[in-house]
Protein chains: 2
Amino acid sequence: MSKSLPAVITTLERAGGFASAQEVFQLMRKQGKSTGLATVYRALQKAVSENTVDVLRKDDGEALYRLCATGHHHHLVCTSCGKTVEVEGSAVEKWANTVAKNNGFKKVSHVVELFGLCQKC
Amino acid sequence: MSKSLPAVITTLERAGGFASAQEVFQLMRKQGKSTGLATVYRALQKAVSENTVDVLRKDDGEALYRLCATGHHHHLVCTSCGKTVEVEGSAVEKWANTVAKNNGFKKVSHVVELFGLCQKC
DNA sequence: ATTGATATTGATAATCATTATCATTTCTGG
DNA sequence: CCAGAAATGATAATGATTATCAATATCAAT
Ligand SMILES: [Mn+2]
Ligand SMILES: [Mn+2]
Ligand SMILES: [Zn+2]
Ligand SMILES: [Zn+2]
């Protein structure tokens, strides 16, 4: 997964914003790459696990990926215009781990998204 | 959709307030109800659109439904057996409001769910 | 009560993103 | 070079969700 991952990331970068695995796959095919769909999924999963790529889900459940400059963080999304601000959540990380530990849970992950109306809206 | 919806909601309530559409369907079958899977989906969608039921997604993308709690709280869910613990999040509430204010957002809501493996799993 | 329009339902098939397989190819250390 | 390990891509399988559609219930107006 060392050879294909950079190509997948580059394609995701060229895609601009959010893109699904299927879209990344199609884009790579259009550029003549022969990378397989399974490899695209593998690369994106690895990237997500390494926190170099963000993943969130559309309303229909499809996963969308986006290149992420910084490390683990969350989002503040305007429900009207879609404007998205990346936010730090060190307080939340700490809280999540504490809660999990208090309840005997292991391998904890969390979903934290904020929604509201931005200044323009 | 008027006749089946109450039964679906009642079943969701019995499930402990947290279940997938498939689980609700199975539960109803075990109780002798002949309600179809499609109807369960229809009822849950309607309930979500009416804000009487919340929907969130597991890491694998499956949708989970729960009755809207009277009091605001969050959940720690076992990704293996589905065990759910309700947790307080006052630290998170404060953090969410601060972040929103710092970014000029109004009418902020948030989605905060924790996932992991419980002691048994 | 009888019609007929309309909405609801449940079984079934179709959709489609994601995963699992597996044979083939590519890497790697020696 | 060479065996073993890792990566890859084609393909099939999985499984939740959605779309169909014929059958049935609802209901207002005769
Ligand atoms: Mn991000
Ligand atoms: Mn909260
Ligand atoms: Zn906005
Ligand atoms: Zn468990």
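Chain letters run A, B, ... following the sequence lines, proteins first and then strands; every chain starts at 1.
None of B:E93, B:E86, B:E113 except one satisfies the side chain to side chain donor-acceptor pair (under 3.5 Å) rule with B:H74; the exception is B:E93.
For A:N103, there are no side chain to side chain donor-acceptor pair (under 3.5 Å) partners two or more places apart in sequence or in a different chain. With sequence neighbours excluded, the residues forming a side chain to side chain donor-acceptor pair (under 3.5 Å) with B:D59 are A:S109, listed by chain and number. The side chain to side chain contact (heavy atoms under 4.5 Å, CB included) check on A:R57 picks up A:A63, B:R57, with sequence neighbours excluded. Remark: B:E88 engages no residue in a side chain to side chain contact (heavy atoms under 4.5 Å, CB included) (not counting sequence neighbours). Listed by chain and residue number, A:A100, A:F105 satisfy the side chain to side chain contact (heavy atoms under 4.5 Å, CB included) test with A:V108 (two or more places apart in sequence, or in another chain).
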List, one per line, each side-chain donor-acceptor pair under 3.5 Å for residues 40-48 of chain B, sequence neighbours excluded.
residue : atom : partner : partner atom : Å
B:Y41   : OH   : B:Q22   : NE2          : 3.4
B:R42   : NH2  : B:T39   : OG1          : 3.3

Validation: residues 4-21 of chain B side-chain donor-acceptor distances under 3.5 Å, sequence neighbours left out:
residue : atom : partner : partner atom : Å
B:T10   : OG1  : B:P6    : O            : 2.9
B:T11   : OG1  : B:A7    : O            : 2.8
B:R14   : NH1  : B:Q31   : OE1          : 2.8
B:S20   : OG   : B:E23   : N            : 3.1
B:S20   : OG   : B:E62   : OE2          : 3.3

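Taking Ile, Leu, Val, Met, Phe, Trp and Tyr as hydrophobic and joining them when side-chain heavy atoms fall under 4.5 Å apart, one finds B:L27 isolated, its cluster having no other members.
Scanning DNA chain D 5' to 3' for nucleotides with an atom closer than 4.0 angstrom to a non-hydrogen atom of chain B gives a first and last hit of D:dA16 to D:dA19.
Residue contacts for A:Q45: at a heavy-atom cut-off of 4.0 Å it reaches the sugar-phosphate backbone alone, with no base atom in range. Using a 4.0 Å heavy-atom cutoff across all strands shown, A:E62 reaches sugar-phosphate atoms only and no base atom.
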Using atom names, set out every protein N or O paired with an N or O of nucleotides 25-28 of chain C below 3.5 Å, distance rounded to 0.1 Å.
none

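Residues of residues 31-44 of chain A having a heavy atom closer than 4.0 Å to DNA chain D, listed by number: A:S34, A:T35, A:G36, A:A38, A:T39, A:R42.
Nucleotide C:dA20 forms a pair with D:dT11, judged by Watson-Crick or G-U wobble geometry with both contacts under 3.5 Å.
Rounding to whole angstrom units, CZ of residue A:F25 and P of C:dT19 are separated by 16 Å.
For the OP1/OP2 pair of C:dA11 and a distance below 4.0 Å, the side-chain nitrogens and oxygens of B:R29 include at least one atom meeting the criterion.
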